Amino acid sequence: MDVFLFFATLFFLLALVVGLINPHLVRTTTRGQVLKFYGLGSLVLFILFGLLVDPVKPPSEAATVQAEQLPEVKAPIEQAPAVTKPVAHEYQVIAEENTSMPGRERLRWRIVAPTALTQLDRAETAKAAAKDLQEKTGADFTHIFLEAAEFTAGFGNVLAIVTYAPDGCGVTGKDCTGKKWEVSASATQLTDTQMAIWKAWIENREKFMPDGYVDEDRLKEFLAKKFDTAPDKITLPWVERDDIPQ
């Protein structure tokens, strides 16, 4: 309907203009007839067009209506990263030493725990061993060394060290500060090659001790041939530990 009224109005307006120029072109004889027929018709159609055609909503109102109909979009909730708790892994006791003094039973254990790979897991595993072994023996002071492997026991580069004194009186029994735990652990990840060189070093070192001291240059040359590498590539791993607050 809107389209029909639009074109009809446009036709009558065009006929009015043409008829005023030449009435015969719109099948009338005088300009008065043109004004009477086409002029009045244009006016009537224009009025009808204004009454029947729906008004166009302004852009701002349409945008408001559209916005009201859209579902509410909520901002994503940021989640805090999950905190991984340290885990005590299975361990194996490979050595025990008694360092007791009169009035103070002190025991030291060396353990291995191959599946404890992170710094905090190593610390937690050594702590669990100290707790377990103290409860079994009733020792006043417990000392735990977490070794990289059984063959490294006693050669330094320990992965974790824990001391535990349930009475809080330290190694002597006289330094009673109330502090029960001292814990340090390493995050160092040792490769298979490092472990193999370390083991070969320990197994062959006595062959290169003519005066009680290791001739490291000759030992490195020997191991370099064994591992098909240069002597300067034969090095022992360095394991650095950090204190773990308790």
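All figures in this text were calculated on a predicted structure; none of them were measured in a lab.
Atom NZ of Lys174 is separated from atom SG of Cys169 by 11.5 Å, given to the nearest 0.5 angstrom. Rounding to the nearest 0.5 Å places NZ of Lys180 at 7.0 Å from NZ of Lys131. Distance CZ/Phe155 to CH2/Trp198: 9.5 Å, rounded to 0.5 Å. In this structure, CG in Asp140 is found 10.5 Å from CE in Met101, a value given to the nearest 0.5 Å. In this structure, CG in Leu219 is found 11.5 Å from CD in Glu206, a value given to the nearest 0.5 Å. The CG atom of Leu159 lies 12.5 Å from the CG atom of Asp121; values are rounded to the nearest 0.5 Å.
Surrounding CG of Asp192 are at most 12 heavy atoms belonging to other residues, nucleotides or ligands under 6.0 Å away. At most 12 non-hydrogen atoms from other residues, nucleotides or ligands lie less than 6.0 angstrom from CG of Asp228. More than 12 heavy atoms of other shown residues, nucleotides or ligands fall within 6.0 angstrom of atom CD in Gln246. Around the CD atom of Glu96, the shell of radius 6.0 Å holds more than 12 heavy atoms that belong to other residues, nucleotides or ligands.
Salt bridge Arg110/Glu97: present, at least one basic N to carboxylate O contact under 4.0 Å.
Under a 3.5 Å cut-off, the side chain of Gln134 and the backbone N or O of Ala139 do form a donor-acceptor pair. Side-chain atoms of Arg122 do not come within 3.5 Å of backbone N or O of Ala113 as any donor-acceptor pair. With hydrogens and angles ignored, the 3.5 Å screen pairs no side-chain donor or acceptor of Arg106 with any backbone N or O of Thr142. At distances below 3.5 Å, not a single donor-acceptor pair connects side-chain atoms of Asp175 with backbone N or O atoms of Gly170. Side-chain atoms of Glu147 never come within 3.5 Å of backbone atoms of Phe145 as a donor-acceptor pair (strictly under, hydrogens ignored). Of the possible donor and acceptor atoms, none in the side chain of Glu124 sits under 3.5 Å from a partner among the backbone N and O of Pro86.
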Exercise for the section: Apply side-chain contact (heavy atoms from CB on, under 4.5 Å) to Glu216 and Phe208, showing your working. Expected result: CA-CA 8 Å; Glu216 293 191 359; Phe208 300 90; over 6 Å; no
Practice task
Apply the test side-chain contact (heavy atoms from CB on, under 4.5 Å) to residues Lys220 and Trp201: give CA-CA distance (whole Å), side-chain angles for both, the deciding distance (0.1 Å), then the verdict.
Solution key: CA-CA 8 Å; Lys220 287 183 177 181; Trp201 182 287; 4.0 Å; yes
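Of the candidates Thr115, Leu146, Asp132, Asp132 is the only one forming a side chain to side chain contact (heavy atoms under 4.5 Å, CB included) with Tyr91. In summary, of the residues considered (Ile161, Leu133, Thr125), a side chain to side chain contact (heavy atoms under 4.5 Å, CB included) with Ile144 occurs for Leu133 alone.
Remark: Thr235 engages no residue in a side chain to side chain donor-acceptor pair (under 3.5 Å) (not counting sequence neighbours).
Using modelled atom types, one finds a donor on one side chain and an acceptor on the other under 3.5 Å when comparing Thr188 with Ser186.
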